[in-house]
There are 2 protein chains.
Amino acid sequence: MPRQPSAKARMSDVAHAAGVSLVTVSRAINTPDLVAPDTLAAVKAAVDKLGYVPNLTAGSLASNRSRIVAAIVPTISNLVFSETVEALAQRLTQDGYQLLLGQSGYCLDREAALIHAFLGRRVDGLVLTGTNQPTSLRTKLRRAGIPVVQTWDLPGEDGNKAIDMLVGFSNRAAGAAAAAHLLQRGHRTLAFIGADEPRARERLAGFTAAARREVAAELIAPPVQVDAAADSLHRLMARRPDITAVFCNNDLLAAGVLFACQQRGLAVPGSLAVMGFGDLPIARAAHPALSTLRIDRTAIGAQAGRLLLERMAQGGRKSSKPCDIGFEVIQRAST
Amino acid sequence: MPRQPSAKARMSDVAHAAGVSLVTVSRAINTPDLVAPDTLAAVKAAVDKLGYVPNLTAGSLASNRSRIVAAIVPTISNLVFSETVEALAQRLTQDGYQLLLGQSGYCLDREAALIHAFLGRRVDGLVLTGTNQPTSLRTKLRRAGIPVVQTWDLPGEDGNKAIDMLVGFSNRAAGAAAAAHLLQRGHRTLAFIGADEPRARERLAGFTAAARREVAAELIAPPVQVDAAADSLHRLMARRPDITAVFCNNDLLAAGVLFACQQRGLAVPGSLAVMGFGDLPIARAAHPALSTLRIDRTAIGAQAGRLLLERMAQGGRKSSKPCDIGFEVIQRAST
DNA sequence: CTGAAAGCGCTAACAC
DNA sequence: GTGTTAGCGCTTTCAG
């Protein structure tokens, strides 16, 4: 009885059907240029006829390259990261790589566990968020000998050096720029609302340093949802009624603060200036439109992908000084 | 010279170091219960000493199980999907499975290409968004013999049956429920703003049917960003100034409409009622708080994971009538 | 409870 | 251009 297409065909079956050897099938699939046109056609016909789908797992084992890249972000339910991942995935897909995704939930232990699992999968590259990985992990990654890109930060801010490659910006400088903007707009009593996580704390540090005055801060345990905005604002105003400007560590949070101001009858920016972070689409859509710090999230992902692909292609030397993609103060109506 | 931990250890190295056979190491790692405590300890010591990380690729090939599940969503830059993926990932991770993520960008060809690649990777299960896969793909998936869960829809609405398992809700009924709510609040001239994609169109169909009057609709080509809200509202009001209620196919879009109303000086719900979809955190945070259709996005992901794990565990029979997780009309201040 | 043998389905050298 | 020979690093029988 003839082999059903439903029974999974192997490469040797295709070879048999096409009247060639197994290697030729492999070559027809992976390096068609090295195969004669007629042979190629015969193989293709056999592939279609049998519904053959090459087993990439076997290929990975034999070739010692998985064509998988793993990425770890705190959560994809934050536009700021999902857009970075999206850009990364797009860049990788272009070159035939697949993306294995992990979410750490801002927890270093979960990050370590994910990395262990990914190394077991022999991923060809790894993208991490932040630079606060513990030493043991850094060592483990260096030994693994695969290219690693850390993102969303720059080295040194938390005393760490890059594990390998890096694409990000100075969170401290970003915070300072926000404060400078608000000072320049005439505000003197500043406040901060953000998640209680490393990069937000860096921004707060920069913000505070540049403010040159005590800053009232609300640090919310992640995951931060928009609906935390009203409460945070409330607590802030209770503590320091003289606040005239608040820097929200995320545009969505800032939008929540705008809604809360409306509810309390606080004029923005008249009674309270509101500044966001990220320049997400909602910053333009809000009313008043949000002043914010623009971060090119897409560039981070695309650049991380590019660096990885480069290194995976030429197995090559470590290049790469840290890539600073910077940020930009966007002034709109809310300040 | 002693083997450096940096040189990747293989299972046979561990076996050698522990003074046992290779199989025993395999068992110590995968089924520790079947191994004597002393042996187990020896193996563990050797693993630590050598920094051994099991090669899951080799394991997958030998065992014919990858312990990878793939999921395809239109985009993760939409909270509605990212939260579903997050819940799915969490459920899978619990059981030692990893998630391979694909984004189709609402494009059927890209979805097909991703599925092909995932089948090549011999994923143990697959989660899809929607039920509008073409017949050729459905056939291919049935032949692959892996469990498949379609999500965010129910069969029959677009004339399709489930490929295998299903967890979602009736988009048509959801649209109808939105219209019913608005009618009940006294509105007669209804409008719709949403993305131009299959599930939104289903909701619009249900909405229109229940409205029993012509509905002014703005269908925006995806990806829809919040900042499309103001323009859409503008066009809508220009076409039909008598509109008194608008159903936005996404809470973020609805929040954008709220901001736009504010800008135009339109009272909500006095001059225009606004209804959202999803019950994202912003629905509560908005002012006025958004009436919306609550979808349990997390339940969709968790349930999809559960169904998959069940079937992967017992290799078993197809169970599963379609799982309807339903929806709920949430009335708040905006209608 | 432990071990020896036999592959999983493919790619990487080499030959011709 | 094409084929032959060896594995990749594990898990799975099957013995003991």
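Since the model is a prediction, treat every value here as computed from it, not as a measurement. Here is the naming used below: chain letters follow the sequence lines, and residue numbers restart at 1 for every chain.
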Pick out which of A:Q133, A:E111, A:Q103 makes a side chain to side chain contact (heavy atoms under 4.5 Å, CB included) with A:I72.
A:E111
Measure the distance from CZ on A:R67 to C1' on C:dC10 and round it to the nearest whole Å.
15 Å
What integer distance in Å separates A:D33:CG from D:dG1:C1'?
13 Å
Could you tell me whether the phosphate oxygens of C:dT2, OP1 or OP2, come under 4.0 Å of any side-chain nitrogen or oxygen in B:T24?
no
Sorted by chain and number, sequence neighbours left out, side chain to side chain donor-acceptor pair (under 3.5 Å) with A:R199 holds for none
Nearest-nucleotide 5' precedence on DNA chain C, A:L56 against B:S21
B:S21
What does the B/S/- profile of nucleotides 11-16 of chain D look like, 5' to 3', with a 4.0 Å heavy-atom cutoff to protein?
BB----
Rounded to whole Å, the NE2-C1' distance (B:H16 to D:dC10) equals 19 Å
Which whole-number value in Å describes the distance from A:L50 CG to C:dG9 C1'?
15 Å
Is any side-chain N of the basic residue among A:D48 and A:K44 closer than 4.0 Å to the acidic one's carboxylate O?
no
Parsed dot-bracket for DNA chain D after applying the Watson-Crick and G-U rules with both distances under 3.5 Å and | for other-strand partners is ||||.|||||||||||
When you check the phosphate oxygens OP1 and OP2 of C:dG9, does a side-chain N or O of A:Y52 lie under 4.0 Å from one of them?
no
Euclidean distance, atom CG of residue B:N64 to atom C1' of C:dG7 [Å, nearest integer]:
12 Å
Within the structure shown, what part of the strands sits under 4.0 Å from A:N55 by heavy-atom distance: base, sugar-phosphate, or nothing?
sugar-phosphate
Between B:D164 and B:R142, does any side-chain N to carboxylate O distance fall below 4.0 Å?
no
Using a distance-only test with no angle check, is there a side-chain donor-acceptor pair under 3.5 angstrom linking A:E83 and A:T298?
no
How many whole angstroms separate atom CG of A:D13 from atom P of C:dC8?
11 Å
In whole Å, what is the span from the CG atom of B:L119 to the P atom of C:dG9?
16 Å
side-chain N/O A:T39 vs D:dT2 OP1/OP2, d < 4.0 Å
yes
Rounded to whole Å, CG of B:L61 lies from P of C:dA6 at a distance of 18 Å
Does anything in residues 124-155 of chain B pair up under ring-ring contact (aromatic ring centres under 6.0 Å, His included), and if so which pairs, sequence neighbours excluded?
B:F81-B:W152, B:W152-B:F169
Kindly write out the residues that satisfy side chain to side chain donor-acceptor pair (under 3.5 Å) with B:S66, not counting sequence neighbours, or none if the list is empty.
B:D124
Between B:E86 and A:S77, the two heavy atoms sitting closest are OE1-OG, 2.5 Å
Could you work out, with side chain to side chain donor-acceptor pair (under 3.5 Å) as the rule, every residue matching A:T151, not counting sequence neighbours?
none
